[in-house]
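Data block below; observations after.
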2 protein chains.
Amino acid sequence: MEMQPELCRVEDALGILVGKWKPIILLILLQNGTKRFSDLKRSIPGITQKMLTNQLRELEEEDIITRKVYPQVPPKVEYSITEYGKSLEPILVAMHEWGTAHTLHKMKKSQQTLFRIE
Amino acid sequence: MEMQPELCRVEDALGILVGKWKPIILLILLQNGTKRFSDLKRSIPGITQKMLTNQLRELEEEDIITRKVYPQVPPKVEYSITEYGKSLEPILVAMHEWGTAHTLHKMKKSQQTLFRIE
DNA sequence: CGGCATCCTGATTGATACTG
DNA sequence: CAGTATCAATCAGGATGCCG
């Protein structure tokens, strides 16, 4: 395939995926399709409300997810992955697979270090 | 495949790819195998020497590229992609392909906006 | 419940100048 | 040629508090 640096479109995908919590949010929505705000928050240990809102807004802005508000008390807001968002799955899978192999690579590296020290 | 959020290894790949100039550097080295510093700089419009050095160091630290210094005057330093670094190619290709499609998506979106305005 | 507004900190990036 | 050093600017991320 043609992938000249001048025609590099890698940044587009990277721009959408970059954000401390976006990959995990997308993985959850890819697995579940739809989740409400509080469910997401509970599924992602350590995230603050601000950051969850923030990352969701950015993903929504890119049409990767949709936001549905149920006008009721207490409020209920559901987030869903879009068809377009689902198209990111191959990238996330590729990254996950690479990351798994990367773990092994790091283990090998630290073992080599141990050998050198001894 | 197994891709539970708790077992998410996506961040590893993302961490290596994130950096304003890393993807373009990797694409160039994947295509050329080896390039010297000045060639890289010329191939990447807008990058400063500092940032090129910076990003190369980080990639080297992760064993994605290697740095070979020729002790001569004027200095010559060559950067090459490692076998390990080549394993990132599927991710970059997947992102590039997605980015290309993304361009079309954005075009459609702006057209819809135009229709709504008229 | 699901936000938003404010303030704050550290990391990232950049401009510029200098060097072996 | 291939850097390093310094300083400045920008930005992502986080802590906290208030609100309908």
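Chain letters run A, B, ... following the sequence lines, proteins first and then strands; every chain starts at 1.
In this structure, the CD atom of Glu58(B) is 7 Å from the P atom of dT12(C), given to the nearest Å. To the nearest angstrom, P of dA12(D) lies 14 Å from CG of Leu59(A). As a whole-Å value, the separation of Asn54(B) CG from dC7(D) P is 18 Å. Rounded to a whole Å, the CD1 atom of Ile47(A) is 14 Å from the C1' atom of dG3(C). Atom NZ in Lys22(B) sits about 13 Å away from atom C1' in dT13(C), given to the nearest Å. Atom CE in Met51(A) sits about 13 Å away from atom P in dC4(C), given to the nearest Å. When rounded to the nearest whole Å, the span between CD of Glu78(B) and P of dC1(D) equals 15 Å. One interatomic measurement links the two molecules: CD of Gln49(A) to P of dC1(C), which rounds to 9 Å at whole-angstrom precision.
Out of dA2(D), dT13(C), dG2(C), the shortest distance to the side chain of Arg36(A) is found at dG2(C). Nearest to the side-chain atoms of Tyr79(A) among the listed nucleotides dG13(D), dG14(D), dG3(C) stands dG3(C). With dG14(C), dG2(C), dG13(D) as the choices, the nucleotide that has an atom nearest any side-chain atom of Val77(A) turns out to be dG2(C). In the set dG14(C), dC1(D), dA2(D), dA2(D) carries the atom at the smallest distance from any side-chain atom of Arg67(B).
Contact of the Leu52(B) side chain with the Trp21(B) side chain is not registered, since no non-hydrogen atoms from C-beta on lie closer than 4.5 Å.
Using a 4.0 Å heavy-atom cutoff across all strands shown, Lys41(B) reaches no nucleic acid atom at all. If you check every strand for non-hydrogen atoms under 4.0 Å, Pro75(A) touches a base.
Annotation: cation-pi pair Lys35(A)/Tyr79(A) absent, no NZ/CZ under 6.0 Å from the ring centroid and within 45° of its normal.
By the 6.0 Å contact criterion, CD on Glu61(A) is open, its count of non-hydrogen atoms from other residues, nucleotides or ligands being 12 or less.
In terms of position on DNA chain D, the residue among Ser38(B) and Gly46(A) whose nearest nucleotide sits closer to the 5' end is Ser38(B). A residue-by-residue look at Gly19(A) and Asp39(B) shows that Asp39(B) has its nearest nucleotide of DNA chain D further toward the 5' end. Nearer the 5' end of DNA chain C, as judged by each residue's closest nucleotide, is the contact made by Val69(A), out of Val69(A) and Lys50(A).
Using a 4.0 Å cut-off, some side-chain N or O of Gln55(A) falls inside it from OP1 or OP2 of dG13(D).
In this structure, CD1 on Ile24(A) lies 9.5 Å from CD1 on Ile47(A), to the nearest 0.5 angstrom. In this structure, CG in Leu17(B) is found 6.0 Å from CD1 in Ile91(B), a value given to the nearest 0.5 Å.
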